[in-house]
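Notes follow the structure.
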Amino acid sequence: EHGLKYKYHDINADEITPQRGDYLTVYMQWKTIEDSIFYDSRTISPSGKDIIMLGKAKHLGGIEEGFSKLQKGDSVSFYINPKRFYNDYLAIQKLPQFLNGEEEIIITLRLLDIESETAYQQKIEEQKEALELQELQEVGHVVAEWKAKYDSVLEINGSYLVLEEALDTTQLMYGSLIQLNYEASFINGVTFYSTYKNGFPDEFQIGKEGQMVEGLSNALSKMSYNQKAKVLVPSYRGFGSEGSPGKVIPPFTPIIYDIKVMPFVQK
């Protein structure tokens, strides 16, 4: 009616349609008019799904109007000007360079579920509680293993620390510059960051905020130069309930750091 072009692939005529404020769970794919895919939730999102909050459309004929007409189970492709999609819907003013501002893009999705805001928020809270319990169990298991294996396991503000004997007893001082070689791993042993692979240590200033997670900073306060340690950092002293930017580290995920502290060497 207002100029939005679409093509249905599957229709479920007896299902409900969403209301403004509802949360829609979808599979979603974005393509150029030449069928070149540049976004696919099934390969990018950890769950393979996207969550859309149905808000008020800025203009008639926008993609929000199309979302509001869908019923659970429907699959549809919308043909929309990229400026309308990026500027109005995504609130991004600058288009990707590969898109022609006048040529349509194709947004294909399947509507998997519709939830009210109350139901969606309740589900999120239940998921958080389950993840918190799972993390608590994982941390407890690792700490029990460490206590059985090592002579001493220190607890520092919720993080756990196993220190190797220091060859240099010079304590790290607040404000000191250091170099840190380390590997950061998940509980299952998968390493997601290593200075050894980078070929050079990272540089930090002791006590300076914003450089590293709180749990690792707390551990360094107990260390000396040229000392090695294993540090278990729970999420509330690490990347928290939201995880890291880009979701490399998921929410409620404890991290194990294998670290070696070295004096700062001027390059």
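Sequence positions, counted from 1, serve as the residue numbers for this chain.
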With a 3.5 Å distance limit and no angle check, can you tell me whether Glu65 reaches the backbone of Gly61 through a side-chain donor-acceptor pair? yes

How about Tyr193 and Asn198: does a side-chain donor come under 3.5 Å of a side-chain acceptor? yes

Could you please spell out the steps behind the side chain to side chain contact (heavy atoms under 4.5 Å, CB included) verdict for Leu220 and Val231? CA-CA 10 Å; Leu220 288 173; Val231 186; over 6 Å; no

Determine whether Ile178 and Tyr196 fall in the same hydrophobic cluster, where Ile, Leu, Val, Met, Phe, Trp and Tyr are linked whenever their side-chain heavy atoms lie under 4.5 Å apart. no

Are Phe252 and Gln134 side-chain neighbours, meaning at least one heavy-atom pair lies under 4.5 Å? no

With a 4.5 Å cut-off on side-chain heavy atoms, are Trp30 and Phe85 touching? yes

Which distance, rounded to the nearest 0.5 Å, do you find between the CG of Leu99 and the CD of Glu104? 12.5 Å

Could you tell me whether the side chain of Gln205 and the main chain of Gly175 form a donor-acceptor pair under 3.5 Å? yes

I would like to know whether Val153 and Leu161 meet side chain to side chain contact (heavy atoms under 4.5 Å, CB included); could you show each step before the answer? CA-CA 6 Å; Val153 178; Leu161 176 65; over 6 Å; no

Is the closest side-chain donor-acceptor distance between Ser116 and Asp22 under 3.5 Å? no

Check whether Glu125 reaches the backbone of Gln122 with its side chain - one donor and one acceptor, N or O, closer than 3.5 Å. no

Membership question, hydrophobic clusters at under 4.5 Å side-chain separation (ILVMFWY): are Ile255 and Leu180 in the same one? yes

Check: Gln137/His141 side-chain N/O donor and acceptor closer than 3.5 Å: no

Single-linkage hydrophobic cluster, 4.5 Å side-chain cutoff, Met28 and Ile37 together: no

Has the side chain of Thr32 got a donor or acceptor atom that lies under 3.5 Å from a matching backbone atom of Ser36? yes

If I compare all heavy atoms of Gln19 with all of Leu54, which pair ends up nearest, and what's the gap? O-CD2, 3.7 Å

Any heavy-atom pair between the side chains of Thr108 and Val76 that's under 4.5 Å? no

Establish, from distance only, whether the side-chain atoms of Tyr39 and Asp50 form a donor-acceptor pair under 3.5 Å. yes

Would Tyr89 and Phe67 satisfy ring-ring contact (aromatic ring centres under 6.0 Å, His included), going step by step from the backbone distance to the final call? CA-CA 12 Å; Tyr89 176 64; Phe67 293 158; 5.7 Å; yes

What's the separation between atom CD in Gln93 and atom CG in Asn87, rounded to the nearest 0.5 Å? 4.5 Å

Supply the atom-to-atom distance Ile63 CD1 to Ile105 CD1, rounded to the nearest 0.5 angstrom. 7.5 Å

Would you say the side chains of Gln29 and Ser41 form a donor-acceptor pair under 3.5 Å? no

Taking atom OH as the centre, does Tyr174 end up with more than 12 heavy-atom neighbours from other residues, nucleotides or ligands that are less than 6.0 angstrom away? no

Transitive ILVMFWY side-chain link Leu232 to Ile156, under 4.5 Å: no

Over all heavy atoms of both residues, which pair between Ile206 and Met173 is shortest? Give the atoms and the distance, please. CB-O, 3.4 Å

pair Glu214-Asn218: side-chain heavy atoms closer than 4.5 Å: yes

Quick one: do Met223 and Leu163 satisfy side chain to side chain contact (heavy atoms under 4.5 Å, CB included)? Show the steps, please. CA-CA 8 Å; Met223 296 185 66; Leu163 288 169; 3.6 Å; yes

Counting only heavy atoms not in Lys123, do more than 12 fall under 6.0 Å of its NZ? yes

Nearest heavy-atom pair of Leu172 and Ser224: which atoms, and what distance? CD2-C, 4.2 Å

Provide the closest heavy-atom pair for Ile106 versus Ser77 in the form atom of the first, atom of the second, distance. CG2-CB, 3.8 Å

Can you find a pair of side-chain heavy atoms, one from Thr253 and one from Ser235, that are under 4.5 Å apart? no

Can we say Glu64 and Lys56 salt-bridge, meaning some charged N sits less than 4.0 Å from an Asp/Glu carboxylate O? no

Is there a side-chain contact between Lys230 and Trp146 (heavy atoms, below 4.5 Å)? yes

Considering residues, nucleotides and ligands other than Glu209, do more than 12 of their heavy atoms fall under 6.0 Å from its CD? no

Would a single hydrophobic cluster contain both Phe78 and Tyr86, if residues Ile, Leu, Val, Met, Phe, Trp and Tyr are joined by side-chain heavy-atom contacts under 4.5 Å? yes

Where does the angle between the aromatic ring planes of Phe204 and Tyr182 fall among parallel (under 30°), tilted (30 to 60°) and perpendicular (over 60°)? tilted

Rounded to the nearest 0.5 Å, how far apart are NE2 of His9 and CG of Leu109? 9.0 Å

Test log, rule side chain to side chain contact (heavy atoms under 4.5 Å, CB included), inputs Gln127 and Ile124: CA-CA 5 Å; Gln127 289 175 345; Ile124 293 299; 3.6 Å; yes

We want to know whether Gln71 and Asn12 form a side-chain donor-acceptor pair, criterion being a heavy-atom distance below 3.5 angstrom. no

Shortest non-hydrogen pair, Val139 vs Pro234, comes out as CG2-CB, 4.4 Å

Gap between atom CD of Glu138 and atom CG of Asn188 - 0.5 Å precision: 8.5 Å

Would you say Ile51 and Leu24 make side-chain contact, with heavy atoms under 4.5 Å? no

Does Arg42 qualify as a cation-pi partner of Tyr27, given the criterion of NZ or CZ under 6.0 Å from the six-membered ring centre and within 45 degrees of its axis? yes

Side chains of Thr191 and Ser185: is there a donor and an acceptor less than 3.5 Å apart? yes

Rounding to 0.5 Å, atoms CG (Leu133) and NZ (Lys128) come to a distance of 16.0 Å

Given the side-chain rings of Tyr6 and Tyr79, with only the six-membered ring counted for Trp, is the space between their centroids under 6.0 Å? no

Nearest atoms (heavy-atom pairs only) where Ser176 meets Tyr225: CB-OH, 3.6 Å

Salt bridge or not for Arg110 and Asp74, using N-O below 4.0 Å? no

Does Ser68 reach the side chain of Thr17, with side-chain heavy atoms less than 4.5 Å apart? no

Per the ring pair (Phe, Tyr, Trp, His ring centres under 6.0 Å) rule, which among Phe239, Phe192, Tyr257 passes with Phe186? Phe192

